[in-house]
Amino acid sequence: MDTATSSRSLPPGRAMRRLRVTGLAQAAVLTVALAGLAGGCGGGTDDSGTGAQAEAGAPRLVTLHDGLSSPWGMAFLPDGRLLVTEKGGRLLRLSADGRRTEAVIRGVPPVVSAGQGGLLDVALDPEFASNGRIYLSYSERGTGTEANLSGTAVARARLVGDALENLTVIYRQVPKVSGSGHYGSRFAFGPEGLLYVALGERQKETPAQDLRTTLGKIIRIRTDGSVPPGNPGLGPDARPEIWSYGHRNPQGLAWRPGTGQLWSTEHGPQGGDELNRVQAGANYGWPVVSYGCPYGSPVGDDCRIGGGTHAPRFVEPVSYWVPVSTAPSALMFYTGDRFPAWRGNAFTGALAGQTLWRIVLDGDREVSRDEPLAGQLNDRVRALAQGPDGWIYLLTDSGRLQRIQR
């Protein structure tokens, strides 16, 4: 749910239970509180975070740029500069310090900028240093019999100076449909160099279970859009690019370091947002089951779609948010040295809750989750990424590029 009301999420079967806090989470909350007492919000200052403060200071949020228009995705270039997509259809290149818009990149494909659609994710080719290629996901208008419809598309192009060259659409979601929601659209390149794309079910629900479509699926393709060997092969009528299915609106996709595992976050209906480990050929249950409820249902457990429990027919989420949605956006695993206690933790932004969640995992089990920026965030977090400097960068719907540092 892209516009849901904020709430904390609670463990299975205990919808009104307080969020569990482990010793690690208590430490994070304590350091944030101490930073508040010290006046350590730090908005707008240019602080590299080196020295004693980097070692001992609490996490704080610094605004680097506040002139963006509905930013959606970002990718760091090898020289530290940053590509940022704006939903309305612009691709920007920001300076390495994040404070200046250096260029509006020419040659971006036309997009359907309506509702949740527009220019969405951006990613660099694993061989960008030699081939200069980038990838864009966006909502594309149909033609011919699909002229009044739209769907998620993936384009590849070479970034040359301030322009895109040789732009080619390498993939189109099947079929295009009416409406302007649930495009999904996050990218993740796998360790084998293949491209994984999260695709929403476009608010049509049942096609998420229909293997003849790629609505509500995560797909795996080569960088030219062709289907590689090794995909699960889900039947003679199934689309060969499908990697997993039964998804609602996955807007987070990331590889967990050191495991070879792909993970995702996706929006539930009224509650039931999920954190999942994505497995080849697996079915994640939407719209047959969900820990969320139909819109307008009274808060509680009784309204859960299909009873809530996914197993044994479907894959259980590793974690979920109830009783109402947090609307998780991008997903990342932290690997840097700036926050040693966070290494290996998952992070996801929230659109409804205006929150950044830190999730501590033990294998496929959630140990705890907390809000390391509690009291500092007052915005919808659309995207996040670890920068080459080891800090964490956020994009917000209000148009800010922000950095979490000490």
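Since the model is a prediction, treat every value here as computed from it, not as a measurement.
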Which pair of non-hydrogen atoms, one from [X] and one from [Y], has the smallest distance, and what is that distance?
| X | Y | value |
| --- | --- | --- |
| V122 | L83 | CG1-O, 4.2 Å |
| L384 | G349 | CD2-N, 3.7 Å |
| F128 | P78 | CE2-CD, 3.6 Å |

Any ion pair linking [Y] and [X] (charged N to carboxylate O, less than 4.0 Å)?
| X | Y | answer |
| --- | --- | --- |
| D79 | R81 | yes |
| D370 | R358 | yes |
| R343 | D337 | yes |

Q: Output every pair passing disulfide (SG to SG under 2.5 Å) with a member in residues 141-216, not counting sequence neighbours, ordered by first then second residue.
A: none
Q) Which pairs with one or both residues in residues 281-394 pass disulfide (SG to SG under 2.5 Å), sequence neighbours excluded? A)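 Passing the test, one end in residues 281-394: C293-C303.
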Q: Any pair with a residue in residues 83-92 that passes salt bridge (Lys or Arg N to Asp or Glu O under 4.0 Å), sequence neighbours left out, goes on the list, sorted by first then second residue, please.
A: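 Sorted pair list: E86-R90.
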Q) Do any pairs count as a salt bridge (Lys or Arg N to Asp or Glu O under 4.0 Å) and have a residue in residues 136-149, sequence neighbours left out, and if so which ones? A) E140-R172, E140-K176
Q. Passes side chain to side chain contact (heavy atoms under 4.5 Å, CB included), V289 versus I305? Steps please.
A. CA-CA 5 Å; V289 294; I305 295 170; 5.6 Å; no
Give a yes-or-no answer on whether the side chains of [X] and [Y] include a donor-acceptor pair shorter than 3.5 Å.
| X | Y | answer |
| --- | --- | --- |
| D125 | Y135 | yes |
| N231 | E241 | no |
| H310 | S290 | no |
| Y138 | T85 | no |
| E102 | S95 | no |

(Q) My understanding is that only residues two or more places apart in sequence, or in another chain, count here; which of them pass ring-ring contact (aromatic ring centres under 6.0 Å, His included) with Y393? (A) F76
Q.
Would you say the rings of F339 and W391 are close, in the sense that their centroids are separated by under 6.0 Å?
A. yes
Q: Answer yes if the ring centres of Y291 and W321 are under 6.0 angstrom apart, and no otherwise.
A: no
Q | R99 and H65: CA distance, side-chain angles, deciding distance, side chain to side chain contact (heavy atoms under 4.5 Å, CB included) verdict | A | CA-CA 5 Å; R99 297 181 178 278; H65 199 310; 5.8 Å; no
(Q) Taking atom CG as the centre, does D224 end up with more than 12 heavy-atom neighbours from other residues, nucleotides or ligands that are less than 6.0 angstrom away? (A) yes
Would you be so kind as to tabulate the donor-acceptor pairs closer than 3.5 Å made by side chains of residues 185-196, with sequence neighbours excluded?
{"unit_1": "S185", "atom_1": "OG", "unit_2": "Y183", "atom_2": "O", "d": "3.2"}
{"unit_1": "R186", "atom_1": "NE", "unit_2": "Q251", "atom_2": "O", "d": "2.8"}
{"unit_1": "R186", "atom_1": "NH1", "unit_2": "W72", "atom_2": "O", "d": "3.4"}
{"unit_1": "R186", "atom_1": "NH1", "unit_2": "D121", "atom_2": "OD1", "d": "3.3"}
{"unit_1": "R186", "atom_1": "NH2", "unit_2": "W72", "atom_2": "O", "d": "3.4"}
{"unit_1": "R186", "atom_1": "NH2", "unit_2": "R382", "atom_2": "O", "d": "2.7"}
{"unit_1": "E192", "atom_1": "OE2", "unit_2": "Y196", "atom_2": "OH", "d": "2.8"}
{"unit_1": "E192", "atom_1": "OE2", "unit_2": "R220", "atom_2": "NH1", "d": "3.1"}

Q. E316 side chain to A311 main-chain N or O, any donor-acceptor pair under 3.5 Å?
A.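 Confirmed, E316 side chain pairs with A311 backbone.
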Q. Does the pair W286 and F314 meet the rule for a ring pair (Phe, Tyr, Trp, His ring centres under 6.0 Å), with working shown?
A. CA-CA 9 Å; W286 181 256; F314 307 109; over 10 Å; no
